[in-house]
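Quick notes on the structure that follows.
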Number of protein chains: 2
Amino acid sequence: MASSTGSSPGLRSDARRNVERIHIAAVEAFREQGLAVPLEEIAAAARVSKATIFNRLGGRVGLIDAVIGDVVAGELRGVIDDARSVAGARERICFYVRAIRDLQYRLPAVNDVLLQEFPDSEKLMALCHAGGAFHETLVAEGHAAGVLAQGLTPDDFHALTLNNALALKYGGLPSKPDYDRRTAFVLGGICGPVQRPS
Amino acid sequence: MASSTGSSPGLRSDARRNVERIHIAAVEAFREQGLAVPLEEIAAAARVSKATIFNRLGGRVGLIDAVIGDVVAGELRGVIDDARSVAGARERICFYVRAIRDLQYRLPAVNDVLLQEFPDSEKLMALCHAGGAFHETLVAEGHAAGVLAQGLTPDDFHALTLNNALALKYGGLPSKPDYDRRTAFVLGGICGPVQRPS
DNA sequence: GATAAATTGACCCGTTCCGTCAACTTATGG
DNA sequence: CCATAAGTTGACGGAACGGGTCAATTTATC
């Protein structure tokens, strides 16, 4: 699924080389600046013209579909999988909130996924739905274990993530220490009345 | 300070009438749609051409300065004053957070103020700083009374408000019940968790 | 070196709104 | 009533931003 480059039917050699370059440049640009980065910039980094991105990949949506696996899918699914394996509902929720917020800070592209920019990209939407589904089970487990604030719905939980995505996308980046401190306050608001038993 | 219209030097009668119309239309449009509403729309509502807004008020910034008092200043200062008169640090903070979030929901223009869109408007910036200053004292009082989460800074508190402004501005509006429920979770995260003397 | 594949720069597009100006209209006072 | 200055306005150009396209050119391949 990840690190592709292995898909090139009867393409001419130069075309194959360009597809590869574009792929590499797109992954880097998307990871650093999010999925809305100008195609011109990707093209320049790949030493290729913008038109080639259209010819080979079919514009931004095609490009996103082609590289999203290397941009965010791995990390996002990784966070979810890691969270799944954490024992204890409270610990699992705390771990996940910290991990997803950290990922949102590091990788602007996750926010584009969560916010469903580019709804024409099927893979992006699939990823987004996977996240939503996980949030549902997390909240359900949290309530079953009685560790979540009364009345907190899966949508409330999801909104937490979306609000953070919007803040990071449209506001200025706080320093990491500030951000992490605020993560703790967010957690305190949803994660049951009892504090860490330390 | 509020409901002006009383400022018209040697203007011709039609000009005075237009200033008044523009004023009224701007207050309504700004309150309903925020300070970024197209000037064309205000002009249309005032049955006047866009150019007249430039002639009489000097464009968007002049217009904002002219009407901000009737758009948000009253309500915003009202919330702060009401909060000031609430006894008890915890109660004061809870009151303020609920009130300001309610205002942000009802009046998109407050968010434009808090986010400092239109930094060229002196009055807007003054309002914004007034808010920031109040946040400082609120947090200081909260810590003095030991009712705020450990380590919460004035900036953290302010960021809470800004994040909400961004979410409301760039995200979809949640239903009021959803929004109010989430207000409670936000409060829970900062307002000393159920005062558990540990 | 013929030929089809591929690339590309230059181009136009759409969006959105701001701000301006010459030409026109209207209020005013004598 | 009309001269004149004050006021209004529609039409215009502009900026910012990036998407998407195509005729002309270059390049790989046999």
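Just so it is clear: chains get the letters A, B, ... in the order the sequence lines come, proteins before strands, and each one is counted from 1.
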Practice item. Check the distance between dG20(D)'s C1' and I42(A)'s CD1 and give it to me in whole angstrom. Key: 15 Å
Practice item. Evaluate side-chain hydrogen bond (donor to acceptor under 3.5 Å, both in side chains) for D156(B) paired with T153(B), printing each intermediate quantity in order. Key: CA-CA 5 Å; D156(B) 292 341; T153(B) 70; 3.3 Å; yes
Point to revise | P174(A) to L168(A) - nearest heavy-atom pair and separation | key: CD-CD2, 4.3 Å
Practice item. Under 4.0 Å from any atom of DNA chain C, heavy atoms only: list the residues of residues 46-54 of chain B that qualify, in numerical order. Key: K50(B), A51(B), F54(B)
Point to revise | Y96(B) and F134(B) aromatic ring geometry - parallel, tilted or perpendicular at 30°/60° bounds | key: perpendicular
Exercise for review: Return the value, rounded to whole Å, for the distance between atom CZ of R21(B) and atom P of dG7(D).
Suggested key: 16 Å
Review point. Does a distance-only test, which skips hydrogens and angles, find a donor-acceptor pair under 3.5 Å between the side chain of R12(B) and the base of dT26(C)?
Key: yes
Exercise for review: Provide, to the nearest angstrom, the distance between the CG atom belonging to D14(B) and the P atom belonging to dA27(C).
Suggested key: 6 Å
Point to revise | K176(B) vs Y105(B), side chain to side chain contact (heavy atoms under 4.5 Å, CB included): CA-CA, chis, key distance, verdict | key: CA-CA 8 Å; K176(B) 196 65 185 353; Y105(B) 187 91; 3.3 Å; yes
Exercise for review: Take the protein atom CD of E41(A) and the nucleotide atom C1' of dC17(D), then report the distance between them rounded to whole Å.
Suggested key: 13 Å
Review point. Can you check whether N18(A) has a side-chain N or O nearer than 4.0 Å to OP1 or OP2 of dA6(C)?
Key: no
Exercise for review: Return yes if some donor-acceptor pair links the side-chain N/O of R31(B) with the main-chain N/O of V71(B) below 3.5 Å, else return no.
Suggested key: yes
Check your understanding: Got a sec: does the CD of E141(A) have more than 12 other heavy atoms crowding it under 6.0 Å?
Key -> yes
Practice item. Measure the distance from CD1 on I22(B) to C1' on dG7(D) and round it to the nearest whole Å. Key: 12 Å
Point to revise | Check: L138(A) main-chain N/O paired with R92(A) side-chain donor or acceptor under 3.5 Å | key: no
**Study point:** First of V61(A) and R17(A) reached from the 5' end of DNA chain D, by closest nucleotide
**Key:** V61(A)
**Study point:** L57(A) CG - dG20(D) P separation (whole Å)
**Key:** 13 Å
Check your understanding: Of the candidate nucleotides dG7(D), dT7(C), dC17(C), which contains the atom at the shortest distance from the side chain of N55(A)?
Key -> dT7(C)
Review point. How close or far is atom P of dT26(C) from atom CZ of R16(B), stated in whole angstroms?
Key: 18 Å
Check your understanding: To the nearest Å, how far apart are E40(B) CD and dT8(D) P?
Key -> 17 Å
